[in-house]
Amino acid sequence: MHARAVAATITALLGTAALLSPLTAARAGDTREPTVLAHRGASAYAPENTLAAVDKAAALGVTWVENDVQRTRDGELVVLHDDSLARTTDVEQVFPGRAPWKVKDFTFAEIARLDAGGWFSSSYTGTRVPTLAQYMGRIEHNHENLLLEIKNPELYPGIERQIVTLLGDEGWLDGRHLGRIVVQSFSADSLRLVHRLRAAVTTGYLGTPPASALRGYAGFTDLINPSVNSISAGYVSSVHACRGPHGRPLRVFTWTVDDAATTWKAVGYGVDGIITDKPDVVRAALRAS
Ligand code: G3P
Ligand code: CA
C-alpha cells in the first residue's frame, strides 16, 4: 500500500489525535506517493551533475533528475552546482594559477579537459562536465524527466532566455515534453522572466516564502520547493490552497531527504515530491510504510 493510503487508513482507524506516526498529516483520500527526484542525479552513488549520475538514477528506476546550470566564459551552458570548479573537478591541478577557478572565467574547451569524477571515486576518473545540451540528450535517451535549476542567475545575465532557447532547440518545448520538465531557481526574478518568456514552462521557486506571500508567487510559479527543515503540514496546506499560473494548485517538492525518518516526515507534511541524493532509500521508505 502506498504511504498516503497508509496514512489515510491509520487516520480513519485510530483518529487523528491519537497518532504518533509521521504519516498522519498526509492529505486524506490522496493515495499518490510523492514523486522521487534524484538530486544532482543519483549523487550519493555517482559524481553529482554528470551523465554517470543521470544513468545511475535511471538504473535505480528513478524517472526524475535534478541538476544545476551555470555558464562558461564563452557562453556554453554547463551542468555544475558550485560557481567554482574547485570542489568537483581537478581544476586546481590542471590550471594552478587560476584561483578561485570560477566557472564564468573558463571556456568550455578548458572545462572539457577537467576530470569531474575522480574526486568522487577512482572508478569515475575521466568523467566530464556535461554541457546542458549533452545532459538533455542523455535525459531524453533514458526517458527521464528534468528538474532544471538555474544556479546563480545574477552571475549570468540573459541565462533565462538562453535556457529557454536551448530547450526549444533540443525539442523540449513541444506538448510531449512540457510535462517532463520543471525549471526552478532560488531567484524569483529569474523565474518571473522564464514565465514571461515561455508561459507554458512549469516553474518552481526554491525557498519558503511566508504563507501570506504565496498568492504573489502563484502568479509566476507552479511549485514551491522548500527545504524539508523549513516546512510543516500547515505550510504545505497553505501552498496547496493557491492556484498557480496554469490554474492548478501549487505543488511542493522538498529537499534534501536522504533517510527513512525524514521521508515519513515529508509524507506526513503532504508534499508532492521528495528530492534526494539516495532515491533508493527514499523509495524503500515510501514502500515500507
Ligand atoms: O533541488 C533542490 C536543491 O537542489 C537546492 O539546493 O544547493 O542542492 O542546489 P542545492
Ligand atoms: Ca540544485
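Bear in mind that the values here come from a model prediction, so they are computed numbers and not experimental data. We count ligands from 1, going down the list as the structure has it; atoms in each ligand are counted the same way.
Take a cut-off of 3.0 Å around the Ca ion (ligand 2): the protein N, O or S atoms inside it are E66 OE2, D68 OD1, E149 OE1.
Seen from the ring of F220, R196 does not count as a face-on cation partner, given the 6.0 Å and 45° thresholds. Both tests pass for R98 against the ring of F95: distance under 6.0 Å to the centre and angle within 45° of the axis.
Between F186 and Y205, the ring center distance fails the sub-6.0 Å criterion.
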ask   = Passes side-chain contact (heavy atoms from CB on, under 4.5 Å), L85 versus L114? Steps please.
value = CA-CA 9 Å; L85 294 152; L114 303 177; 4.1 Å; yes

message = Evaluate E140 against H177 for side-chain contact (heavy atoms from CB on, under 4.5 Å), listing each step before the verdict.
response = CA-CA 10 Å; E140 180 78 327; H177 288 83; 2.8 Å; yes

request  = Please report the C-alpha distance between R161 and L197 in whole Å, then the side-chain angles of each, then the deciding distance to 0.1 Å, and finally whether the side-chain contact (heavy atoms from CB on, under 4.5 Å) criterion is met.
outcome  = CA-CA 7 Å; R161 183 179 293 277; L197 289 168; 3.4 Å; yes

task = Let me see the working for T107 and D74 under side-chain hydrogen bond (donor to acceptor under 3.5 Å, both in side chains), right down to the final yes or no.
result = CA-CA 5 Å; T107 64; D74 54 343; 4.9 Å; no

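Scanning the protein for heavy atoms near atom 9 (O) of ligand 1, the closest one is K151 NZ, 2.7 Å. In terms of protein heavy atoms, atom 10 (P) of ligand 1 is closest to H81 NE2, 3.3 Å. Regarding atom 4 (O) of ligand 1, its nearest protein heavy-atom neighbour is E66 OE2, 2.7 Å. Of the protein's non-hydrogen atoms, the one nearest atom 3 (C) of ligand 1 is H39 NE2, 3.4 Å.
For ligand 1, the atoms sitting less than 4.0 Å from at least one non-hydrogen atom of D68 are 9 (O), numbered in the order shown with element in parentheses. In summary, the atoms of ligand 1 found under 4.0 Å from a heavy atom of L206, numbered by their order in the structure, are 2 (C). Interface of R40 with ligand 1, defined as ligand atoms under 4.0 Å from a residue heavy atom, comprises 7 (O), 8 (O), 10 (P).
Tested against D55, the residues N142, T50, L60 include a single side-chain contact (heavy atoms from CB on, under 4.5 Å) partner, N142.
Heavy atoms of T256 found under 4.0 angstrom from ligand 1: none, in either backbone or side chain.
Side chain to side chain, Q70 and N152 meet the donor-acceptor criterion of an N or O pair below 3.5 Å.
Judged by distance alone, with hydrogens and angles left aside, the side-chain atoms of S230 form no donor-acceptor pair with the main-chain N or O of P226 at under 3.5 Å.
Residue E149 places at least one N or O, backbone or side chain, under 3.5 Å from an N or O of ligand 1.
Close to ligand 1: F186, with a non-hydrogen atom less than 4.0 angstrom away.
Comment: D258 does not engage K278 in a salt bridge, judged by the lack of any side-chain N to carboxylate O separation of less than 4.0 angstrom.
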